[in-house]
Amino acid sequence: MTRALLFATTLLFALPCLAETGKGDPAAGKVKVYTCTGCHGVTGWRNAYPSYHVPRIGGQNYDYLVAALHGYKSGDRQHPTMQAQGESLSDEDIRDIAAYLSSIKP
């Protein structure tokens, strides 16, 4: 329940930002997404510890990707590798990456 509440709160704060700035640039996102493919671009990839399937993010919903990356950036979502990635991204980077990933047809 706590995760759902945190996600909803994050989404609530992210939506006004999206309305003001619009969606990102998919072409710029394609260049910026190179670090994501190391894990998310490998079919059937599993995290070593704790062991779990790494989710496919190509074709994922734009708003979900933006909210998730902002959650990792703020520390509301817990995953050491993703938090490090999120902290290195600007809001524009997040919008661009989400625009590119959401444009991929699964």
Side-chain angles (χ1 to χ4, degrees):
M1 182 66 172
T2 303
R3 279 187 169 179
L5 183 59
L6 285 173
F7 178 74
T9 303
T10 302
L11 190 57
L12 216 80
F13 286 111
L15 288 177
C17 295
L18 294 174
E20 291 174 13
T21 58
K23 290 189 175 183
D25 176 8
K30 185 175 184 176
V31 174
K32 296 173 183 179
V33 78
Y34 70 94
T35 60
C36 306
T37 58
C39 294
H40 293 282
V42 180
T43 303
W45 182 254
R46 295 189 64 81
N47 194 52
Y49 180 83
S51 181
Y52 61 88
H53 173 74
V54 176
R56 179 184 51 82
I57 54 176
Q60 184 60 267
N61 178 277
Y62 174 85
D63 294 327
Y64 171 79
L65 290 166
V66 169
L69 288 171
H70 278 291
Y72 288 121
K73 182 176 182 171
S74 69
D76 289 339
R77 291 185 77 151
Q78 301 292 312
H79 186 279
T81 303
M82 287 304 302
Q83 284 178 285
Q85 291 295 317
E87 290 170 357
S88 71
L89 300 173
S90 70
D91 289 344
E92 180 181 4
D93 292 338
I94 290 172
R95 289 189 305 272
D96 292 345
I97 289 169
Y100 172 68
L101 289 172
S102 65
S103 73
I104 296 172
K105 300 296 179 206

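Quick note: residue numbers are just sequence positions, from 1. Bear in mind the structure is a predicted one, so any value in this text is a computation, not a measurement.
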A.B. asks: Determine whether Ile57 and Leu65 make a side-chain contact, defined as any pair of heavy atoms from C-beta on separated by less than 4.5 Å.
C.D. replies: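 They are in side-chain contact.
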A.B. asks: If every non-hydrogen atom of Ala99 is compared with every non-hydrogen atom of Gly24, which pair is closest and at what distance?
C.D. replies: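 So the two residues come closest at CB-O, 3.4 Å.
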A.B. asks: Return the set of residues passing side-chain hydrogen bond (donor to acceptor under 3.5 Å, both in side chains) with Lys32 (not counting sequence neighbours), or none when no residue passes.
C.D. replies: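 For Lys32, the residues satisfying side-chain hydrogen bond (donor to acceptor under 3.5 Å, both in side chains) (neighbours in sequence not counted) are Asp93, Asp96.
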A.B. asks: Between NE2 of His70 and CG of Asp76, what distance do you get to the nearest 0.5 Å?
C.D. replies: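 Those atoms lie 11.5 Å apart.
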A.B. asks: Consider only side-chain heavy atoms of I, L, V, M, F, W and Y, link residues closer than 4.5 Å, and tell whether Leu69 and Ile104 are in one cluster.
C.D. replies: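 Yes, because Leu69 and Ile104 connect within a single hydrophobic cluster, where side-chain heavy atoms sit under 4.5 Å apart.
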A.B. asks: If you round to the nearest 0.5 Å, how far is CG of Leu101 from NZ of Lys30?
C.D. replies: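 Rounded to the nearest 0.5 Å, the NZ-CG separation comes to 11.5 Å.
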A.B. asks: Could you list the residues that satisfy side-chain hydrogen bond (donor to acceptor under 3.5 Å, both in side chains) with Thr35, not counting sequence neighbours?
C.D. replies: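 Only Gln85 meet the side-chain hydrogen bond (donor to acceptor under 3.5 Å, both in side chains) criterion with Thr35.
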A.B. asks: Taking the side chain as every heavy atom from C-beta outward, state whether Arg95 and Tyr62 have any atom pair closer than 4.5 Å.
C.D. replies: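 Contact flag for Arg95/Tyr62 side chains = yes.
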A.B. asks: Measure the spacing between CG of Leu89 and NZ of Lys73 and express it to the nearest 0.5 Å.
C.D. replies: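 If I round to the nearest 0.5 Å, the distance is 7.0 Å.
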A.B. asks: Quick check against the 3.5 Å criterion: does His40 have a side-chain atom that pairs as donor or acceptor with the backbone of Val54?
C.D. replies: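 Absent.
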